[in-house]
Amino acid sequence: MESRIDNFLDELNEEQRKAVEATEGPVMIIAGAGSGKTRVLTYRIAYLLKQGVDPFRVLSLTFTNKAAAEMKERIIELIGGDARNLWMGTFHSVFARLLRKEAEKIGYPQNFTIYDTDDSKGLIKSITKELGLNDSTYKASTILGRISSMKNMLISAEAYVNDAQYMSDDRAARREHFAHIFLTYNKRLFKAGAMDFDDLLFQTNMLLRDHPEVLLKYQDMFRYILVDEYQDTNFSQYMILRQLAARHQNIAVVGDDAQSIYAFRGANIQNILNFQKHYPDTQVFKLEQNYRSTKTLVHAANLVISKNRDQLQKTVWTSNGEGEKIQLMRAERDTDEGRVIAQSIFNFKATKQAANSEFAILYRTNAQSRSIEEALIKLNIPYRIYGGLSFYQRKEIKDLLAYFRLAINQHDEEALRRVINYPKREIGDTTFDKMIVAAADNDISIWMVMDNIKDFNLGLSPRVTERIAEFVNMIKSFAAMASTSTAYQMGEYIYATTGLKRELEQDRTPEGVNRIENILGLFNGLKDFSEKPLDEGVIPSLSMFMEDVALLTNEDRTKEDKSKSDKVLLMTIHAAKGLEFNYVYIAGMEENLFPSQMVLNSREELEEERRLFYVAVTRAKKQLILSNAIYRFRYGSPQSNEPSRFLEEIPAECLTNVSFREEASEHVYSRTPSAFRKPAQTAIKSPPPTIVGKKLMSMNKAAQTSLPMDNSHLSGLKVGNRVEHERFGQGEVLTIEGSYPNSKATVMFGNGDKKQLLLKFAKLKIVG
DNA sequence: GGACGTTCTGTTTTT
DNA sequence: CAGAACGTCC
């Protein structure tokens with residue numbers, strides 16, 4: 001193929017070209033919506049490679065895997081296959097890859113598991129339950145949110161405990177046990193050989209901070225760093241970049257402060273607003289010409305965003321034509337809104353000869369998709385929901401993947417919890433809870449308890465004990481295969497051996513058939529992966545397959561069909577970032593929905609919501625259509641809505657009302673409008689939680705010791721010895737059974753607690 | 001331990 | 001309304 005490398009710079013405007021050619025030193029590119037940002041980024045990389053920079057030395061971070069893949073493809077088109085060697089991906093995927101290489105430096109196994117949000121919540125639920133904190137104050141999602149924001153600010157659990165301000169805040173908020181949950185959560189993650197999403201960035205920071213030789217290696221490796229969507233980076237990401245770029249200072253960030261929409265997950269808009277302070281020699285380029293949208297749309301978007309206070313100065317303009325006005329469609333209720341949108345698409349297709357794929361329907365919440373889908377189906381308009389529940393979040397897929405995870409890392413507690421009794425094998429909650437307690441008492445993973453189940457006296461029936469041993473042997477047999485079999489072989493074997501296959505095939509309902517189809521879809525992926533040519537001697541193993549799975553979304557999976565299929569796309573506005581369509585619908589333009597009622601407490605939150613609206617508006621190339629409904633079902637009952645305040649921010653000369661009288665609802669309301677109520681006020685919350693059940697463990701020890709350990713100093717332990725346990729304090733040995741290393745001791749501790757400890761694991765000292 | 005029925009609770013966006 | 005959590009019975 002003829003290389004375009006020699007003349008591709010001619011395709012850029014003057015400012016774009018300057019931004020591409022400024023390869024040395026810190027660079028900030030402020031790119032307005034539709035200003036050719038991706039083009040600048042790809043050409044910049046192509047230009048670097050053309051100057052002779054080794055692709056291995058270029059690190060390019062994007063927001064989604066998909067964006068990375070597309071960019072790579074375009075660079076390959078420009079300069080050829082060398083580009084395959086670029087370090088390109090999301091923060092999470094690139095640094096997960098880096099952490100696997102360096103895992104042992106931070107005490108993690110190279111095969112560490114990545115916990116997704118469900119896993120993390122499951123672990124937190126387990127911890128709060130064990131602590132007897134099952135109260136609404138300690139909801140898993142709230143706890144995880146707080147842990148996440150701490151990790152994103154690089155505040156460790158240990159630092160948190162020692163911070164007087166946090167501790168008093170927690171007391172005031174009646175969540176005084178949060179710190180303990182935070183510590184326990186991290187400890188359990190570590191014991192399970194697992195990291196959550198935020199750990200991938202947190203641990204990368206720690207690795208680079210504490211290992212100068214590693215830092216130096218990567219500073220030199222990543223000689224040129226490029227960051228897309230910089231306005232959406234958080235503090236943790238900022239610090240990684242700062243460490244990596246410190247030596248060569250070749251960092252180029254691209255972004256648009258007006259499109260920062262991820263503050264809710266820690267993104268800090270100050271990163272882009274203060275970039276020049278962080279890097280004083282920064283060259284700044286502003287891309288202000290919009291190539292995407294009509295004058296009407298650019299003008300309206302500018303006016304909307306001008307209502308925000310926090311922003312960098314810039315003027316987006318376009319030389320495109322005036323274009324059509326923005327349409328506003330009002331519907332009676334949510335189902336009518338769907339109908340009106342579908343009808344409008346139908347009409348546009350007829351009058352403008354437009355294809356389905358030229359349309360996108362955007363909404364604030366995933367739940368809104370349903371009424372729209374139903375209406376599209378009725379009018380026979382093909383559609384695809386983009387995002388939503390990920391393929392990898394489906395139950396049957398998660399179940400199978402949990403077995404895969406166990407085959408790779410037996411300590412993975414959440415995978416174990418998921419499948420230990422699925423399909424049913426008589427190891428129920430009671431048994432599992434007992435094993436959790438035994439694991440906590442001995443400071444080991446649950447797998448270690450199971451693997452040594454005969455040494456623990458948990459009061460299990462011989463039958464259950466036997467079933468546990470069978471399970472352990474089954475998982476061990478998977479683990480033994482792992483190094484010699486391909487991912488596909490392993491997958492088939494696991495699917496059949498665990499009984500999952502039989503379980504699923506028993507269900508003949510349409511949903512059951514669909515589940516099997518999903519599993520087959522996964523196997524197709526496994527097969528492709530297993531047939532991929534690799535370096536000689538390297539088997540495409542299951543663990544290699546699993547390396548990325550936790551970080552993929554379903555969009556990264558669906559490959560060819562999206563270009564072939566001509567479908568209307570439905571997605572949240574967040575998911576639409578970076579995309580563009582000729583005709584864009586924004587549904588649900590209602591106060592309390594968009595802007596969301598969760599968000600009306602502070603100026604900053606409202607401004608983020610307004611930026612979200614700005615993002616939505618600027619996705620459109622030719623025309624924008626807004627809609628809302630007067631009544632919408634929520635919590636199972638209809639509620640009346642006011643039009644969104646954002647509608648008033650659109651200049652009147654850009655807007656036109658459209659009515660679809662022929663599509664008026666046939667529905668007759670069974671209740672008078674006065675029966676429609678605003679959402680009920682949330683009742684004053686329950687009294688502070690009292691702790692029942694197990695006592696809290698001492699807070700100040702969270703020693704993270706790698707397994708296994710040598711405990712031979714306990715081989716001579718005798719009845720009557722005084723011992724000191726790392727967490728339980730001093731106690732007296734009451735009984736000893738068996739001989740070391742399979743011996744166990746019953747110890748009476750000072751507070752009257754009797755614990756049974758396995759001596760090969762126990763964190764005990766003999767003190768008398 | 002597990003199946004099944006009843007009550008409670010909750011809805012923002014995602015790597 | 002829908003899914004999770006809880007309670008009761010075998």
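When rounded to the nearest whole Å, the span between CG of A/L201 and P of B/dT15 equals 13 Å. Rounded to whole Å, atom P of C/dA4 lies 11 Å from atom NZ of A/K121. A/D199 has its CG atom 13 Å from the C1' atom of B/dT15, to the nearest Å. Distance, A/D228 CG to B/dT15 P: 15 Å, rounded to whole Å. One can place CG of A/L99 at 19 Å from P of B/dT15, the figure rounded to the nearest angstrom. Straight-line distance from the CD atom of A/E608 to the C1' atom of B/dT14: 12 Å, rounded to whole Å. Between the CE atom of A/M589 and the C1' atom of B/dT12 there is a distance of 15 Å, given to the nearest Å. The CG-C1' distance, from A/N65 to B/dT15, rounds to 9 Å in whole Å.
Of the two residues near DNA chain B, A/E605 and A/D198, the one whose nearest nucleotide lies more 5' is A/E605. Place A/S596 and A/H92 on DNA chain B by their nearest nucleotides, and A/S596 ends up nearer the 5' end.
Side chains of A/D196 and A/Y185: a donor-acceptor N/O pair is present below 3.5 angstrom, by distance only. Neither side chain, A/D198 nor A/S236, offers a donor N or O lying under 3.5 Å from an acceptor on the other.
No engagement by A/F91 is indicated, since no non-hydrogen atom pair under 4.0 Å with the nucleic acid exists.
For the P atom pair drawn from C/dA4 and B/dT13, the interatomic distance equals 16 Å after rounding to whole Å.
The phosphate of B/dT14 has OP1 or OP2 within less than 4.0 Å of a side-chain N or O from A/T572. When the side-chain nitrogen and oxygen atoms of A/K125 are compared with OP1 and OP2 of C/dA5, one or more of them lie within a distance under 4.0 Å. Residue A/N592 places no side-chain N or O under 4.0 Å from the OP1 or OP2 atom of B/dT12.
Nearest to the side chain of A/R370, among C/dA2, B/dT14, B/dT12, sits C/dA2. Distances from the side chain of A/K139 to the nucleotides B/dG10, C/dA2, B/dT14 place B/dG10 closest.
Under the side chain to side chain donor-acceptor pair (under 3.5 Å) criterion, A/R265 pairs with no residue, sequence neighbours left out.
In this structure, A/Y363 has its ring center at least 6.0 angstrom away from the ring center of A/Y585. Aromatic pair A/F63/A/Y262: centroids less than 6.0 angstrom apart.
Here A/F264 packs flat against the base of B/dT13; its ring centre is closer than 5.5 angstrom to the base's six-membered ring, tilted by less than 30 degrees.
The side-chain heavy atoms of A/W87 and A/R97, taken from C-beta on, include a pair separated by under 4.5 Å.
Among A/I446, A/N111, A/T113, the one residue that satisfies the side-chain contact (heavy atoms from CB on, under 4.5 Å) test with A/D412 is A/T113.
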Item to check | Sugar-phosphate or base contact per nucleotide [nucleotides 1-6 of chain B; S, B, -; heavy atom under 4.0 Å] | outcome: SSS---
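In this structure, A/K307 places its NZ atom where more than 12 heavy-atom neighbours from other residues, nucleotides or ligands lie under 6.0 Å away.
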